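Nothing here was measured: the structure is a model prediction, and the numbers come from that model.
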Amino acid sequence: MPECQPVSSAHVSAIKRPRCPTCDRNRMLLSNVETGPSGFDRRTFECQKCGRVETTVGIPRPHDL
């Protein structure tokens with residue numbers, strides 16, 4: 001099971017939140033960040049309106065930039 005790490009509010013505000021593909025205009029909220037392979041994160045976003053969940057992989061961790 002991947003390790004979950006807390007994310008500071010400064011890093012959260014710097015993360016680009018995708019628009020929900022279902023609702024189109026609503027920005028999704030970051031709900032989880034997991035350590036992925038080779039210094040990358042797996043970020044899970046949720047739409048507050050429709051409940052859709054999207055996961056992105058391969059984005060460098062802010063402290064590694």
Side-chain angles (χ1 to χ4, degrees):
M1 178 174 207
E3 177 186 338
C4 292
Q5 298 177 351
V7 178
S8 75
S9 59
H11 289 153
V12 170
S13 63
I15 294 172
K16 183 178 178 184
R17 300 180 323 171
R19 293 193 185 277
C20 177
T22 303
C23 298
D24 191 38
R25 294 188 178 155
N26 292 327
R27 294 272 180 200
M28 301 176 86
L29 296 178
L30 180 65
S31 62
N32 193 23
V33 177
E34 298 174 333
T35 301
S38 303
F40 291 87
D41 282 344
R42 181 178 300 117
R43 296 175 183 176
T44 302
F45 296 89
E46 293 183 40
C47 178
Q48 293 293 92
K49 184 175 179 183
C50 72
R52 183 177 177 127
V53 176
E54 293 283 319
T55 301
T56 60
V57 179
I59 301 170
R61 287 184 230 148
H63 63 274
D64 291 340
L65 295 176

Item checked: Side chain proximity check, Glu34 to Asp41, heavy atoms < 4.5 angstrom -> no
Note to self: Would you compute the distance between atom CZ of Phe40 and atom OG1 of Thr35 and round it to the nearest 0.5 angstrom?
What the structure shows: 13.0 Å
Checklist line | Atom pair SG (Cys23) and NZ (Lys49), whose distance is rounded to the nearest 0.5 Å | finding: 5.0 Å
Notebook entry, point to check: side-chain contact (heavy atoms from CB on, under 4.5 Å) between Leu30 and Thr44: does it pass, once the steps are laid out?
Noted result: CA-CA 6 Å; Leu30 180 65; Thr44 302; 6.0 Å; no
Next item on the list: Would you please test Glu54 and Met28 for side-chain contact (heavy atoms from CB on, under 4.5 Å) and show each step?
Entry: CA-CA 9 Å; Glu54 293 283 319; Met28 301 176 86; 3.6 Å; yes
Notebook entry, point to check: Judged by modelled atom types alone, do Arg43 and Thr56 share a side-chain donor-acceptor pair under 3.5 Å?
Noted result: no
Checklist line | Donor-acceptor contact below 3.5 Å, side chain Arg27 vs main chain Arg17 | finding: yes
Note to self: For Cys50 versus Cys47, what's the shortest heavy-atom pair and its separation?
What the structure shows: N-SG, 3.5 Å
Notebook entry, point to check: Atom CZ of Arg19 and atom CG of Asp24: how far apart are they, to the nearest 0.5 Å?
Noted result: 7.5 Å
Margin query: Working note: Arg42 + Val33, criterion side-chain contact (heavy atoms from CB on, under 4.5 Å); need CA distance, chi angles, decisive distance, verdict.
Written below: CA-CA 6 Å; Arg42 181 178 300 117; Val33 177; over 6 Å; no
Margin query: Quick check: do Ser31 and Phe45 have side-chain heavy atoms less than 4.5 Å from each other?
Written below: no
Note to self: Set out, in order, the CA-CA distance, both residues' side-chain angles and the distance that settles side-chain contact (heavy atoms from CB on, under 4.5 Å) for Glu46 and Leu29, then state yes or no.
What the structure shows: CA-CA 5 Å; Glu46 293 183 40; Leu29 296 178; 5.5 Å; no
